[in-house]
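Only one structure is covered here, and it is reproduced in the block below.
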There are 2 protein chains.
Amino acid sequence: MPATSTPSGGAPRVLGHPSRDAIRLEDVLHALADPVRLGIVLVLDEAEGECSCSVFDAPVSKSTLTHHFRVLREHGVITQAYRGTAKMNALRRDDLEALFPGLLDAVLTAARRQAAAGLGAGAGAAATGRA
Amino acid sequence: MPATSTPSGGAPRVLGHPSRDAIRLEDVLHALADPVRLGIVLVLDEAEGECSCSVFDAPVSKSTLTHHFRVLREHGVITQAYRGTAKMNALRRDDLEALFPGLLDAVLTAARRQAAAGLGAGAGAAATGRA
DNA sequence: CGCGAAGTACGATGAGTCTCGTACATTCGC
DNA sequence: GCGAATGTACGAGACTCATCGTACTTCGCG
């Protein structure tokens with residue numbers, strides 16, 4: 001159909017993020033409760049700033065990865081912005097810290113500690129590239 | 001009934017808790033991600049020690065409450081012990097603190113803050129010291 | 001303009017779980 | 001022993017979510 005009205009197509013170039021006070025603790029916790037998303041957040045934390053969507057070695061397909069990024073964004077954990085053909089991601093450290101002081105840091109620290117301990121067990125969890 | 005087979009009956013008087021190193025961060029996060037369970041943990045934290053299963057004002061049925069307590073226990077967040085006809089619950093502060101230092105405290109603090117902020121929206125603005 | 005790259009959307013599927021009601025087990029008090 | 005109180009187990013229903021494949025859009029480049 002040559003109709004240019006873009007009935008259903010047309011990816012929205014503008015992404016909606018929740019405002020700071022719209023962020024709910026349960027949502028953040030839920031977002032962080034998934035191993036894949038936890039890994040993403042871990043990488044984002046080390047990247048500290050900008051990161052494309054495809055630098056993760058998560059054992060999931062591209063669609064699933066997109067899904068997880070969306071969950072993270074809609075729950076207020078990260079921000080996303082288009083940059084040409086890529087999309088830059090960043091942690092919302094400031095908002096999270098203002099809302100739930102110490103929480104992000106505690107989770108991140110716990111995740112790293114557990115990942116380090118878990119590696120010793122021999123599981124091939126493909127832990128997010130610990131530089 | 002003298003029948004000793006008890007096919008389906010027989011509540012186990014002994015409860016299984018995960019050992020300290022069997023506690024997984026994702027499980028704890030997942031357990032805490034539910035509003036009902038978060039409320040339970042909040043009450044347990046203030047009770048600091050002993051608490052029966054039926055002192056919570058959660059808007060769910062008794063069965064559901066039992067289910068949530070089970071989840072909390074099996075994910076290593078609380079311990080449970082029988083005491084006559086009641087069952088005492090307690091937070092596993094020590095284990096959690098040893099495994100994920102600062103995490104429980106951060107979550108609890110964040111939960112209280114958010115609860116206080118949420119109350120202000122409808123009830124008597126009890127927001128204590130909003131910076 | 002055509003092609004490759006990056007990401008998204010949609011639908012489907014399977015698993016997990018939140019909720020409930022009801023029936024049952026256990027303990028306490030009389 | 002009987003009844004009340006507390007809590008559990010089981011099964012069912014509805015819902016969410018994680019995962020995938022495929023088709024599509026948009027951008028950048030030559």
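Per chain, numbering begins at 1; letters A, B, ... match sequence-line order. Since the structure is predicted, the reported quantities are computational estimates derived from the model, not experimental observations.
- Contacts of A:Ala33 classified as side-chain contact (heavy atoms from CB on, under 4.5 Å), with partners at least two apart in sequence or in another chain: B:Leu29, B:His30.
- Classification of A:Glu26 and B:Arg37 as a salt-bridged pair fails, no side-chain N sitting under 4.0 Å from a carboxylate O.
- Rounded to whole Å, atom P of D:dT25 lies 16 Å from atom NZ of A:Lys62.
- Sorted by first and then second residue, the salt bridge (Lys or Arg N to Asp or Glu O under 4.0 Å) pairs with a member in residues 60-73 of chain B read B:Arg70-B:Glu74; sequence neighbours excluded.
- B:Asp95 meets the side chain to side chain donor-acceptor pair (under 3.5 Å) test with B:Arg20, B:Arg92; sequence neighbours excluded.
- Put simply, CE on A:Met88 is 11 Å from P on C:dA6, counting in whole angstrom units.
- In this view, B:Ser63 satisfies the side chain to side chain donor-acceptor pair (under 3.5 Å) rule with no residue, not counting sequence neighbours.
- Atom P of nucleotide C:dG7 and atom CD1 of A:Ile40 are separated by 12 Å, given to the nearest angstrom.
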With the criterion being N/O to N/O and under 3.5 Å, what pairs connect the protein with nucleotides 16-19 of chain D, and how long is each?
{"unit_1": "D:dA18", "atom_1": "OP1", "unit_2": "A:Arg37", "atom_2": "NH1", "d": "2.9"}
{"unit_1": "D:dA18", "atom_1": "OP1", "unit_2": "A:Arg37", "atom_2": "NH2", "d": "2.5"}
{"unit_1": "D:dA18", "atom_1": "OP2", "unit_2": "A:His67", "atom_2": "NE2", "d": "2.7"}
{"unit_1": "D:dT19", "atom_1": "OP2", "unit_2": "A:His68", "atom_2": "NE2", "d": "2.3"}

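- Separating the CD1 atom of B:Ile78 from the P atom of D:dG7 is a distance of 12 Å, rounded to the nearest angstrom.
- At whole-Å resolution of the value, CG in B:Leu32 and P in C:dC18 are 13 Å apart.
- For D:dG7, neither phosphate oxygen OP1 nor OP2 lies less than 4.0 angstrom from any side-chain nitrogen or oxygen of B:Arg70.
- Partners of B:Pro101 according to the side-chain contact (heavy atoms from CB on, under 4.5 Å) rule, which considers only residues two or more places apart in sequence or in another chain, are A:Arg113, B:Glu97.
- Rounded to a whole Å, the CZ atom of A:Arg73 is 14 Å from the P atom of C:dG7.
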